[in-house]
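Below is one structure, written out as structure tokens, with a few remarks after it.
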Amino acid sequence: MALRNAILAMLLEGESSGYDLAKSFNASVANFWTATPQQLYRELDKMETQGLVTARVVEQRRRPNKRLFSLTDDGAAELADFTTRAPKPTAIRDELLVQIQAVEAGDDEAIRRAVADRMATAETKLKRFERLRDRLLGESTEAEFLVASPRVGPYLTLARGIAFEQENIRWCEEVLTVLDRRATVRSGGDRHG
């Protein structure tokens, strides 16, 4: 998947500035795709040149003018075409997994700290995703929202992000438990007294 596809999908929400896209990216799409604001702006410029988006300039007082981007017919067609292609399989490239693979040859405490840090990050992201889910649902139940909302894609991808972070937390807890048990057995007693 190219960054352009994620941007095109976000523009389904309507016209947006690059700044607002970057903010929205971090709040919604970041659970499955990451990009810096600079990458977004570069890609928007390319997409405008290719006719996938159009930009209009909004003059502002006391602030720089801003460009508002929207999908063109070609951009909508590109996005529709993207949805027909078989997605590439997900490939995991995670340094922490390599460290854990080598735990017997490494620094047990450093790996334990890295896992605890990963868990803390997952907990923070999970809370952010849950707050976003609650805002999306408003007063609706999930079932009501999924039937009545004009767009369910953002909610469904957010649900995947929530499940992903819940699994990250569960896995980190399991790794820490195993490492603690192994350390206890090796030391012949209770590790945490």
Side-chain angles (χ1 to χ4, degrees), residues 1-14 16-44 69 87-103 106-146 149 151-184 191-193:
M1 177 173 92
L3 175 58
R4 78 176 47 223
N5 301 120
I7 293 171
L8 291 171
M10 289 186 62
L11 286 173
L12 287 172
E13 298 292 329
S16 183
S17 70
Y19 175 78
D20 289 333
L21 276 173
K23 279 185 8 186
S24 296
F25 218 82
N26 285 336
S28 61
V29 181
N31 68 66
F32 60 89
W33 192 269
T34 59
T36 66
Q38 295 81 6
Q39 290 171 314
L40 284 171
Y41 284 112
R42 278 194 306 271
E43 192 62 31
L44 283 165
F69 295 91
K88 295 177 185 172
T90 301
I92 299 174
R93 291 178 54 157
D94 188 334
E95 285 185 26
L96 180 58
L97 292 177
V98 177
Q99 290 176 333
I100 292 170
Q101 176 78 15
V103 68
D107 183 329
D108 218 31
E109 286 302 316
I111 292 172
R112 192 177 275 107
R113 283 190 304 274
V115 172
D117 289 346
R118 175 71 58 89
M119 187 163 63
T121 299
E123 289 167 342
T124 299
K125 286 174 74 175
L126 177 60
K127 286 176 187 165
R128 189 174 80 234
F129 293 163
E130 289 172 337
R131 285 191 304 271
L132 181 57
R133 178 195 58 205
D134 292 345
R135 279 198 305 272
L136 278 174
L137 289 176
E139 298 298 316
S140 302
T141 66
E142 182 180 62
E144 292 167 342
F145 179 86
L146 292 174
S149 177
R151 293 202 60 233
V152 296
Y155 185 85
L156 295 172
T157 57
L158 180 62
R160 178 63 179 115
I162 288 170
F164 181 76
E165 296 308 337
Q166 288 170 333
E167 172 53 23
N168 279 336
I169 293 165
R170 188 210 58 77
W171 177 80
C172 288
E173 288 170 343
E174 179 182 353
V175 169
L176 291 173
T177 298
V178 168
L179 293 178
D180 285 347
R181 281 187 194 141
R182 289 175 59 84
T184 300
R191 176 176 167 71
H192 296 292

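Nothing fancy with the numbering, it's 1 onward along the sequence.
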Considering only NZ, NE, NH1 and NH2 on the basic side and carboxylate oxygens on the acidic side, decide whether Arg112 and Glu109 come within less than 4.0 Å. yes
Atom CG in Leu3, atom OG1 in Thr36: separation rounded to 0.5 Å? 8.5 Å
Heavy-atom check, side chain of Glu142 versus side chain of Tyr155, under 4.5 Å: yes
Distance, nearest 0.5 Å, that separates CD of Glu139 from CG of Asp134: 10.5 Å
With no hydrogens and no angle check, is any side-chain donor or acceptor of Ser149 less than 3.5 Å from a backbone partner on Val152? no
In Å, rounded to the nearest 0.5 Å, how long is the span from NZ of Lys127 to CD of Glu130? 9.0 Å
Strictly distance-based, threshold 3.5 Å: is any side-chain N or O of Tyr41 a donor or acceptor partner for the main-chain N or O of Tyr19? yes
Atom pair CZ (Phe69) and CG (Leu11), whose distance is rounded to the nearest 0.5 Å: 9.0 Å
Quick one, Leu126 and Asn168 - any side-chain contact, counting heavy atoms below 4.5 Å? no
Any non-hydrogen side-chain atom of Leu176 less than 4.5 Å from a side-chain atom of Met119? yes
Using modelled atom types and a 3.5 Å cut-off, is there a donor and acceptor pairing between side-chain atoms of Asn5 and backbone atoms of Ala2? yes
Testing the basics here: between Glu165 and Phe129, what is the closest heavy-atom pair and its distance to 0.1 Å? CG-CE1, 3.9 Å
Check whether any side-chain heavy atom of Asp94 sits under 4.5 Å from a side-chain heavy atom of Arg118, and report yes or no. yes
How long is the gap from CG on Leu158 to CZ on Arg135, to the nearest 0.5 Å? 9.5 Å
Which heavy atom in Pro154 sits nearest to a heavy atom in Thr157, and how many Å separate them? O-OG1, 3.0 Å
Closest heavy-atom pair and its distance - Leu96, Ala114: CD1-CB, 3.8 Å
Euclidean distance, Ile7 CD1 relative to Gln39 CD, rounded to 0.5 Å: 9.5 Å
Output, in order, the C-alpha distance, side-chain angles, deciding distance and verdict of salt bridge (Lys or Arg N to Asp or Glu O under 4.0 Å) for Arg170 and Glu173. CA-CA 5 Å; Arg170 188 210 58 77; Glu173 288 170 343; over 6 Å; no
